[in-house]
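Let me begin by presenting the structure, written as structure tokens, before commenting on it.
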Amino acid sequence: MSSTVSVDAVVDRALLDRLTDRVVARPRAERLATVAPFSGATLAEVPLSTTDDVAAAFDAARDAQHWWAARPVAERARIIGRVHDLVLDRRADIADLVQAEAGKARRDAFEEVADVALAARYVSARGPRVLRERRRLGALPGLTRAIEGYRPKGVVGVVSPWNYPLTLAISDCLPAFVAGNAVVHKPDSQAVLTALLARSIAIEAGLPEALWQIVSGDGPVIGGAVVEHADYVSFTGSTATGRLIAARLGERLVGASLELGGKNPMLVLDDADLDRAAEAAVRACFSNAGQLCMSMERLYVAARVREPFLERFLGRVESMRLGAAFDYSCDMGSLMSQAQLDKVRAHVDDAVGKGARVLTGGNARPDLGPWFHEPTVLDGVRPGMLAADLETFGPLVSVYPVGSDDEAVELANDTPFGLNASVWTSDLRRGVAVARRLRSGVVNVNEGYSAAWGSHDLPIGGMGASGLGRRHGREGILRYTDQQAIAVQRAHNIAPPAAMSYDTFSDALTRSLRVMRRLGRP
Ligand code: NAD
């Protein structure tokens, strides 16, 4: 029995008013009602920014950035370290708001809290080292000193989606801050409250207020204005929007990391530990009701183990507890919106209409809340069905039998996407060998998504239609910098000495180039 409580019982209205006041918007700005997915009731009225407000946000952020970039990197990192501590201290309040705003299960909300702590710890501990200037090989050994340095981009535009309102709000901002940037951030209109809470925590940790500006409004208009002004863009969202943003930035020669959609495959090889694989598949397919970019939507199972795997997997799916509980009593929450529910319904109905079979689930659950849907497993899904060809981004997975590892790899790679994949086997070398053959920016062996995502030293991102650039790791910090090459010539210009002819100089240079190659100098 889940202890269901109403959103009103957990959300502090006064806090919401204080938070919404911090959106960069005029005093009597138009407001947009955001909705609590658990009930469909209005959660808050969020002020809407105009394009002039976006321009003002960039001006304020730019002023603050000059001062911030001049602070020692260790000082910037210390503030981010305090974000780690505050987020863990406030985990219950944060999880309440994340659940209220996104309608997800408590465990999924806590996963966001833990992820932000991991991100903050990594960025604060590693940022200074990553950003330290490095010696590189100079043109003339001993005579040319070559230094690689990193300069902040300036004001970064962060445009984030609704599905992980905490982690996708703050985790891409922290590395921008440690690298000396300011941020103008446009969260999805249904995820503004959590972003504002994350910002208030960062300010409490010591981040100057002007450094993180939050604007709110329509994607193409307000997101478009952010993209127009930014010195670099960190975008997370759909592939369609990513393409539009890349085209606009291309005209201005401004860089971006684009973290986009997926159609992720899980491969269960014939020697997999089926209990472990089935248990992990539940999380990999249905965490956050499948509204997770790394979520598995295609299960390729070796024909030899298909039956015993399905028995274990379906049993676990059927025992999942759905509900709107602000505690850990439910495994899965609601979908985010009517649009999400409509998409899931369209994919299920289309597949079933074209001959696919529902192995479990298949129904909306209006008895639990307006947008709940059962975790659903389909068999017999074929190309030409929506569930085969498009990202569902919901609690829907299709199972396909495969005759060999080769067939599994071929089918897994048969998609324009390449975000995350999962391989299950008892032979770890075989698992890594299969992983290397997958066209996927991320591969988890014997995990669904959290081993790679949680390894914050690993660069994470997509291949193909799943995006450009990487978050996490060194790359996730350095994307927010321009590399600068400084070469210092200590003595002797790189030209013939006054008394030497070019003939002699070219012979001498040729001889020394040959010597350096013989010595193995790069
Ligand atoms: P979306 O592209 O519609 O919106 C994402 C954000 O972009 C929102 O803030 C939106 O307001 C804004 N936006 C929309 N149009 C814009 C435009 N023309 N210019 C600038 N900004 C614009 O995506 P969504 O449907 O909200 O999110 C779900 C998608 O995000 C899925 O495809 C999912 O796979 C993907 N996603 C990817 C990752 C990842 O790390 N790769 C993580 C989470 C979600």
Side-chain angles (χ1 to χ4, degrees), residues 32 34 46 48-49 51 54 101-102 104 108 111-112 115 119 157-169 171-172 184-192 194-195 214-230 233-249 254 256-264 287-297 335-340 342-344 390-394 396 415-421 440-442 449 452-453 458-472 476:
L32 179 77
T34 69
V46 177
L48 291 172
S49 313
T51 52
V54 175
E101 194 170 35
K104 57 179 67 186
D108 297 323
E111 197 168 84
E112 295 206 50
D115 183 61
V158 173
V159 179
S160 59
W162 44 264
N163 62 326
Y164 277 72
L166 179 71
T167 198
L168 296 176
S171 301
D172 284 318
V184 175
H185 175 196
K186 196 210 87 68
D188 186 275
S189 299
Q190 291 295 325
V192 180
T194 307
I214 294 190
V215 293
S216 139
D218 174 70
V221 178
I222 299 305
V226 169
V227 167
E228 223 35 69
H229 289 278
V233 171
S234 164
F235 171 75
T236 306
S238 63
T239 298
T241 308
R243 287 188 208 283
L244 286 175
I245 290 177
R248 291 180 77 168
L249 291 175
V254 164
S257 56
L258 304 171
E259 307 287 346
L260 311 178
K263 188 74 188 172
N264 306 310
S287 280
N288 201 30
Q291 302 168 118
L292 164 67
C293 56
M294 301 233 143
S295 197
M296 297 296 147
E297 297 196 357
L335 291 172
M336 181 69 171
S337 60
Q338 184 66 44
Q340 279 296 107
D342 290 345
K343 182 148 60 111
V344 173
L390 303 178
E391 179 187 41
T392 306
F393 212 55
L396 181 61
T415 168
F417 293 109
L419 185 56
N420 182 30
S440 180
V442 181
Y449 63 90
W453 183 272
L458 260 184
I460 296 279
M463 294 185 186
S466 290
L468 290 175
R470 295 292 180 263
R471 56 157 61 104
H472 292 185

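Quick caveat: nothing in here was measured; it's all calculated off a predicted structure. Heavy-atom basis, side chains included; hydrogens, waters and symmetry copies ignored. Atoms within each ligand, like the ligands themselves, are counted from 1 in listed order.
- The protein atom (non-hydrogen) at minimum distance from atom 8 (C) of ligand 1 is Ser160 O, 3.5 Å.
- Ligand 1 has no nitrogen or oxygen under 3.5 angstrom from a nitrogen or oxygen of Gly223.
- At a heavy-atom distance under 4.0 Å, only side-chain atoms of Leu168, from C-beta outward, approach ligand 1.
- Formation of a donor-acceptor pair under 3.5 Å by the Asn420 side chain with backbone atoms of Cys293 is not found in this model.
- Under the 4.5 Å side-chain criterion, counting only non-hydrogen atoms from C-beta, Ser189 is not in contact with Val46.
- Taking atom 18 (N) of ligand 1 as the reference point, the nearest protein heavy-atom neighbour is Pro220 CA, 3.5 Å.
- The closest side-chain heavy-atom distance from Leu168 to Arg471 is below 4.5 Å.
- Distances from atom 38 (C) of ligand 1 to the heavy atoms of Ala465, Cys293, Gly219 put Cys293 nearest.
- Neither the backbone nor the side chain of Tyr164 has any atom closer than 4.0 Å to an atom of ligand 1 (non-hydrogen atoms only).
- Of the N or O atoms in Asn163, none lie within a sub-3.5 Å distance of an N or O in ligand 1.
- The shortest contact between atom 15 (N) of ligand 1 and any protein heavy atom is with Thr241 CG2, 3.4 Å.
- With a 4.5 Å cut-off on side-chain heavy atoms, Glu297 and Phe417 do not count as touching.
- For atom 23 (O) of ligand 1, the closest non-hydrogen atom on the protein side is Ser238 N, 3.3 Å.
- Ligand 1 is approached by Gly224 to a heavy-atom distance shorter than 4.0 Å.
- If you look at Thr236 next to ligand 1, the close heavy atoms, those under 4.0 Å, come from the backbone and the side chain alike.
- The presence of a protein heavy atom under 4.0 Å from atom 27 (O) of ligand 1 is confirmed.
- At distances below 3.5 Å, not a single donor-acceptor pair connects side-chain atoms of Gln190 with backbone N or O atoms of Met336.
- When side chains are defined from C-beta on, His229 does not count as touching Val184, because their heavy atoms never get closer than 4.5 Å.
- Atoms of ligand 1 found under 4.0 Å from any heavy atom of Asp188 (numbered from 1 in listed order, with element): 8 (C), 9 (O), 26 (O).
- Close N/O approach between Arg471 and ligand 1 is found [any backbone or side-chain N/O within under 3.5 Å].
- For atom 31 (C) of ligand 1, the nearest non-hydrogen atom of the protein is Glu391 OE1, 3.4 Å.
- To the nearest 0.5 Å, the span separating CG on Leu249 from CD on Glu228 amounts to 8.0 Å.
- Put simply, the side chain of Lys104 gets close to the backbone of Asn163: a donor and an acceptor are under 3.5 Å apart.
- Rounding to the nearest 0.5 angstrom, the gap separating the OG atom in Ser216 from the CG atom in Leu48 is 5.0 Å.
- Checked options Leu244, Thr241, Ile245; the residue passing with Val227 is Ile245 (criterion: side-chain contact (heavy atoms from CB on, under 4.5 Å)).
- Using a non-hydrogen distance threshold of 4.0 Å, Pro187 registers as a contact of ligand 1.
- Those atoms of ligand 1 with a heavy atom of Leu260 less than 4.0 angstrom away are 34 (O), 37 (C), 38 (C), 39 (C), 41 (N).
- In the model, Ser287 has a side-chain atom that pairs as donor or acceptor with a side-chain atom of Tyr449 under 3.5 Å.
- To the nearest 0.5 angstrom, Trp453 atom CH2 is 6.0 Å from Thr167 atom OG1.
- Below 4.0 Å from some heavy atom of Glu259 lie the following atoms of ligand 1, by number and element: 37 (C), 38 (C), 39 (C), 40 (O), 41 (N).
- For Ala240, no heavy-atom contact with ligand 1 is shorter than 4.0 Å.
- With a 4.0 Å heavy-atom cut-off, ligand 1 is reached by no atom of Ile460.
- Closest protein heavy atom to atom 35 (C) of ligand 1: Gly237 O, 3.1 Å.
- Nearest protein heavy-atom neighbour of atom 12 (C) of ligand 1: Val159 CG1, 3.7 Å.
- At least one donor-acceptor pair under 3.5 Å links the side chain of Arg470 to the backbone N or O of Gly462.
- In the vicinity of Ile245, heavy-atom distances shorter than 4.0 Å reach the ligand 1 atoms 20 (C).
- The nearest protein atom to atom 33 (C) of ligand 1, hydrogens excluded, is given as Phe393 CE1, 3.3 Å; this is a heavy-atom distance.
- At least one side-chain heavy atom of Val215 sits under 4.5 Å from a side-chain heavy atom of Lys186.
- Checking only distances, Thr239 never comes within under 3.5 Å of ligand 1, N or O to N or O.
- For the pair Thr236 and Asp172, the minimum side-chain heavy-atom distance is below 4.5 Å.
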